[in-house]
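Note that the structure is a prediction, hence the values are computed from the model and not measured.
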Amino acid sequence: MKKILSFSFALTLAFSVLCFNALAVTNDNDVIYFDDGSYIVISEVEETVSTRATGTKNGQKTATYVDSDNVVQWKATLKATFTYTGSSATCTNSSITYTISDSSWKITEATATKSGNKATGDVTAKKYFLGIPTKTVEETITITCSANGTLS
């Protein structure tokens, strides 16, 4: 009897993993909705005051994952520094940080890269139940700088 219950539990868990891995559908530029009712909110770029000379901009953008009960599960923030001249812009630094609000989630990857006038942050988050991953969410955050210093 114990083996049957264990097998039934394992089968149910495996089925739920297949059912709850969501496909994202972007309804607009700021929110990504998943088929299970959860969603990611991408904030607008926040500019911070630079202590450097004119022609330098700092900005950050945050992705916040919210479950179907409207409870924040985790956040990832991309920070970047750009220089601009009026004819071109270059990303000089990028970094990514994260916070987890629900201990069943783990960030398994968080990388920041820079190329030209763009900073990119890639995040992979996994939700675990009894040590088994039951949901994976991947998100890419980008910040770009125009030649005249406009961040987007």
Review point. Got a second to check how far Asn58's CG is from Thr81's OG1, nearest 0.5 Å?
Key: 4.0 Å
**Study point:** Separation of Ile107 CD1 from Thr99 OG1 (nearest 0.5 Å)
**Key:** 8.5 Å
Review point. Once you round to the nearest 0.5 Å, how far does OG of Ser43 lie from CD1 of Ile141?
Key: 8.0 Å
Side-chain donor-acceptor distances from residues 114-127 under 3.5 Å, at least two apart:
from   : atom 1 : to     : atom 2 : distance (Å)
Asn117 : ND2    : Cys145 : O      : 2.9
Asp122 : OD1    : Thr140 : OG1    : 2.7

Point to revise | Least distance between heavy atoms, Ser88 atom then Ala147 atom | key: N-CB, 3.6 Å
Show me the donor-acceptor pairs, under 3.5 Å and distance only, between side chains in residues 63-79 and residues at least two apart or in other chains.
from  : atom 1 : to     : atom 2 : distance (Å)
Tyr65 : OH     : Ser38  : OG     : 2.8
Tyr65 : OH     : Lys135 : NZ     : 2.7
Asp67 : OD1    : Asp69  : N      : 2.9
Asp67 : OD1    : Asn70  : N      : 3.2
Asp67 : OD1    : Val71  : N      : 2.9
Asp67 : OD2    : Gln73  : NE2    : 3.1
Asn70 : OD1    : Tyr39  : OH     : 2.9
Gln73 : OE1    : Trp105 : NE1    : 3.3
Gln73 : NE2    : Val71  : O      : 3.1
Thr77 : OG1    : Thr62  : OG1    : 2.9

Review point. Within a strict 4.5 Å, meaning less than it, do heavy atoms of the Phe82 and Leu151 side chains meet?
Key: yes
Exercise for review: Sequence neighbours left out, what passes side chain to side chain donor-acceptor pair (under 3.5 Å) with Asp102? Give chain and number order.
Suggested key: Ser104
Exercise for review: For the pair Lys57 and Thr83, evaluate side chain to side chain contact (heavy atoms under 4.5 Å, CB included) and give the outcome as yes or no after the intermediate values.
Suggested key: CA-CA 6 Å; Lys57 285 270 180 112; Thr83 58; over 6 Å; no
Review point. Counting distance only, does the side-chain N/O of Thr85 pair as donor-acceptor with the main-chain N or O of Ser87 below 3.5 Å?
Key: yes
Point to revise | OG1-NZ distance between Thr144 and Lys61, expressed to the nearest 0.5 angstrom | key: 7.0 Å
Exercise for review: Give, for atom OG1 of Thr56 and atom OH of Tyr84, the distance between the pair rounded to the nearest 0.5 Å.
Suggested key: 7.5 Å
Study note, to complete from the structure: Here the gap from Thr136 atom OG1 to Glu109 atom CD, rounded to the nearest 0.5 Å, amounts to 11.5 Å
